[in-house]
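Have a look at the structure below, then the notes.
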Amino acid sequence: MDFLVNIREAVGSAIKTLYDIDLSSDQIVLNETRKEFSGDYTYVVFPLVKQLKKKPTDIGDEIGQWLIENRTQIAAYETVQGFLNLTLVDDFWFKSLIDIGHADHYGYSSPMHKKVLVEFASPNTNKPLHLGHIRNILLGWSCSKILKANGYEVVNTQIINDRGIAICKSMLAWKKFGNGATPESTCIKGDHFVGDYYVAFEKAFVAEYEDFQQRDEGEAVYHASGSTETKEAFFKKYKNQYFNEHSALGAEARQMLMLWEQGDAETLALWKQMNQWVYDGFDVTFDKLGVTFDSTYYESDTYLLGKKVIEMGLDRGVFYKKEDGSVWIDLEDVGMDQKLLLRSDGTSVYMTQDIGTAQQRFEDYGMDKMVYTVGDEQDYHFKVLFEIMKRLGESYAEGLYHLSYGMVELPEGRMKSREGTVVDADDIVAEVIEEARLLSAERGEIESLPKSEQDDILRKIGLAALKFFIVKVQPKKKMIFDPKESVDMQGQTGPYIQNAYVRIQSVKRKMAVGLNLDWNGYNTLNEYEKILVKHIMNFPDIVKEAGEQLDPSTIANYTYVVAKDYHRFYHEVRILNAESEAAKSFRVVLSDTIGYVLLHAFDMLGIEMPERM
RNA sequence: GGUUCCGUAGCUCAGCUGGAUAGAGCAACAGAUUUCUAAUCUGUCGGUCACAGGUUCGAAUCCUGUCGGAAUCACCA
């Protein structure tokens with residue numbers, strides 16, 4: 001629904017008639033007039049100046065005059081320097097609002113019959129989810145919603161890193177120190193339970209390592225290295241090598257990994273048990289955040305994939321083999337490096353897995369596009385992956401997109417697990433809901449509701465604060481997360497926008513039964529009403545832009561501006577006791593439409609609206 | 001060192017397909033409701049858009065360079 005197409009065509013006709021210049025209507029850009037000038041939309045005439053060799057103001061006046069005389073939609077014009085400000089007749093706004101009221105699923109595109117996979121979350125099984133995961137999850141989920149709104153068929157997926165040495169560390173620690181404990185027996189959420197054993201392993205390992213450094217053995221390693229660094233500095237860097245070459249715990253963990261790879265029944269059973277605990281814990285957190293997945297891939301299934309593709313690529317000469325048997329691709333002609341795809345011993349690397357997983361997904365879903373929600377530290381990896389898929393000639397290669405996002409930092413700097421500054425996902429969710437509870441208690445607005453309903457409202461408010469705080473920032477920018485600010489509920493926040501929606505619902509509840517929603521007789525908009533109609537008209541474009549850019553912050557910032565202007569309207573203009581029945585009808589419809597836009601825009605951000613607060 | 005990303009008010013962020021006097025929120029201060037939910041509204045204070053060139057009628061926005069910050073450059077994932 002393009003409301004301005006007639007206006008653009010009118011300007012085009014004016015230019016054609018007056019100057020015999022052909023401009024298609026999409027070449028004519030109309031900007032919203034800045035509020036310090038009178039007018040609704042502005043046409044910039046500077047580009048015509050050179051061609052016509054006339055003064056900008058004269059051109060503006062001529063076009064404006066022509067429009068007044070020949071087009072009924074134009075009520076007035078004013079030329080300021082090279083800016084032609086056009087004021088539209090009030091009827092234009094009324095008609096637009098009626099059209100919107102009659103539209104099905106306003107703001108949403110009709111199905112395009114294109115399928116897109118959106119991958120997000122993708123956690124490891126040895127640590128509970130933290131703030132970084134929350135940003136990932138919210139971005140992925142929101143983009144999935146936005147793509148749906150843009151007419152795509154969307155499949156939400158994740159890939160879980162459930163194998164490797166890390167999970168063996170947790171398993172080993174549980175065997176050593178667990179005494180058969182379970183999440184049930186200890187009442188600890190499964191992912192935290194397993195994470196605790198991972199930490200326990202690290203602690204035991206560090207103790208072992210420090211002991212080693214004190215003993216003759218450690219002394220000998222330090223001297224044998226011939227290092228010029230202090231002993232302390234040397235051992236700081238030596239940690240990995242110690243793990244692999246000297247550590248008893250390291251040897252045990254590696255032994256376990258070997259047993260896992262050989263399919264040892266006991267090891268696999270423990271692995272499955274511990275992973276299940278983690279998944280149960282993750283599910284609780286996903287549920288709290290309100291996200292679901294249509295499919296899940298596990299690295300334990302996919303880590304051997306990709307070798308077939310490597311064979312095919314070798315046959316086609318896309319890849320090449322070195323003498324030692326390792327397989328590579330040379331991307332230097334496009335400014336990238338040579339990249340290893342298969343080790344000399346024939347085992348696969350991360351890239352191989354990703355190639356294989358992409359193929360697997362194509363076999364499973366036949367998608368046209370795929371979005372990977374992964375942090376920006378992997379920008380290069382995905383650049384390489386996409387180039388490889390292109391060279392392999394995959395049909396979906398052009399549709400691959402890395403939704404890259406910046407790191408989440410605290411005001412003190414990066415989160416560090418060693419320093420215990422990692423913000424846990426479950427903790428921050430609980431905190432922000434608690435804050436909502438405190439603030440709500442002060443207001444006393446929902447006291448009379450049943451407890452379960454109150455809890456539901458507080459959950460929605462708290463999560464809105466958290467989610468909006470994160471999703472309002474452009475994905476690619478790194479963001480500073482101040483826990484104190486994230487629980488704010490005033491100003492540019494989720495609850496502020498919810499409050500606008502709640503006010504609208506309140507108005508609708510109080511509206512007289514059987515109100516005539518025909519506003520015949522109301523024919524002059526005030527400035528507060530007009531700006532709201534303009535916002536409503538912009539909604540489809542905002543959704544489209546967010547879809548093209550895969551940027552939820554576009555929608556987040558839009559909802560804020562809409563809510564802000566609604567609050568002002570609400571403050572300045574009487575709705576239920578308006579000056580006339582027609583005015584009242586119009587304002588209720590206008591409010592209702594704003595409510596629609598806020599509700600659906602928030603839904604695209606994965607944020608729920610309460611009816612009261 | 002190579003490559004990529006970022007740098008806008010004290011803080012957190014918008015604005016970036018070039019348009020008018022660069023916007024919000026927070027913080028600080030001063031106000032507003034006998035009337036639809038004050039999680040609201042109004043006002044004051046706050047800027048060398050990192051810096052320097054270039055393109056243009058016009059640059060926070062595009063180009064080049066410099067400075068500062070981050071990421072990445074494994075037969076790790």
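Labels below follow one simple rule: chain letters A, B, ... track the order of the sequence lines, proteins then strands, and each chain is numbered from 1.
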Pair partner, rU61(B) [Watson-Crick or wobble, under 3.5 Å]: none
Can you give the donor-acceptor pairs under 3.5 Å from side chains of residues 463-480 of chain A to other protein atoms, not counting sequence neighbours?
residue, atom, partner, partner atom, Å
K467(A), NZ, L289(A), O, 2.8
K467(A), NZ, G606(A), O, 2.7

Between [options], which one does the side chain of [X] approach most closely?
X: V80(A); options: rA71(B), rU35(B), rA20(B); value: rA20(B)
X: Q474(A); options: rC16(B), rU37(B), rC75(B); value: rC16(B)
X: R503(A); options: rC41(B), rU37(B), rU72(B); value: rU37(B)
X: Q492(A); options: rU40(B), rG19(B), rA24(B); value: rA24(B)
X: K477(A); options: rC75(B), rC6(B), rC41(B); value: rC6(B)
X: D337(A); options: rA77(B), rA14(B), rC73(B); value: rC73(B)
X: E485(A); options: rC41(B), rU37(B), rU12(B); value: rU12(B)
X: R34(A); options: rG23(B), rC41(B), rA71(B); value: rG23(B)
X: S506(A); options: rC36(B), rA14(B), rU40(B); value: rC36(B)
X: R414(A); options: rC13(B), rA77(B), rA70(B); value: rA70(B)

Sugar-phosphate only, base, or nothing, as touched by V487(A) at under 4.0 Å among non-hydrogen atoms: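 Nothing, no heavy atom under 4.0 Å.
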Touch class at under 4.0 angstrom, heavy-atom based, for V349(A) against every strand present: sugar-phosphate
State, yes or no, whether a side-chain contact exists between [X] and [Y] at a heavy-atom distance under 4.5 Å.
X: Y41(A); Y: N31(A); answer: no
X: E445(A); Y: M613(A); answer: no
X: E32(A); Y: D40(A); answer: no

Measuring only the [atom1] atom in each nucleotide, how far is [N] from [M]? A whole number of Å is fine.
N: rC67(B); M: rA50(B); atom1: C1'; result: 8 Å
N: rG54(B); M: rA14(B); atom1: P; result: 31 Å
N: rA20(B); M: rG1(B); atom1: C1'; result: 46 Å

Nearest-nucleotide 5' precedence on RNA chain B, K476(A) against L342(A):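 Per heavy-atom nearest nucleotide, the more 5' residue is K476(A).
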Contact nearer the 5' end of RNA chain B, comparing H571(A) with I575(A):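 It is I575(A), whose closest nucleotide lies nearer the 5' terminus.
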F83(A)-rA20(B) aromatic stacking (under 5.5 Å, under 30°):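 Given the distance and angle limits, yes, they stack.
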Ring geometry between F205(A) and Y242(A) (parallel below 30°, tilted from 30 to 60°, perpendicular above 60°): tilted
N/O donor-acceptor pair, side chain D488(A) with base rA27(B), under 3.5 angstrom: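 There is none.
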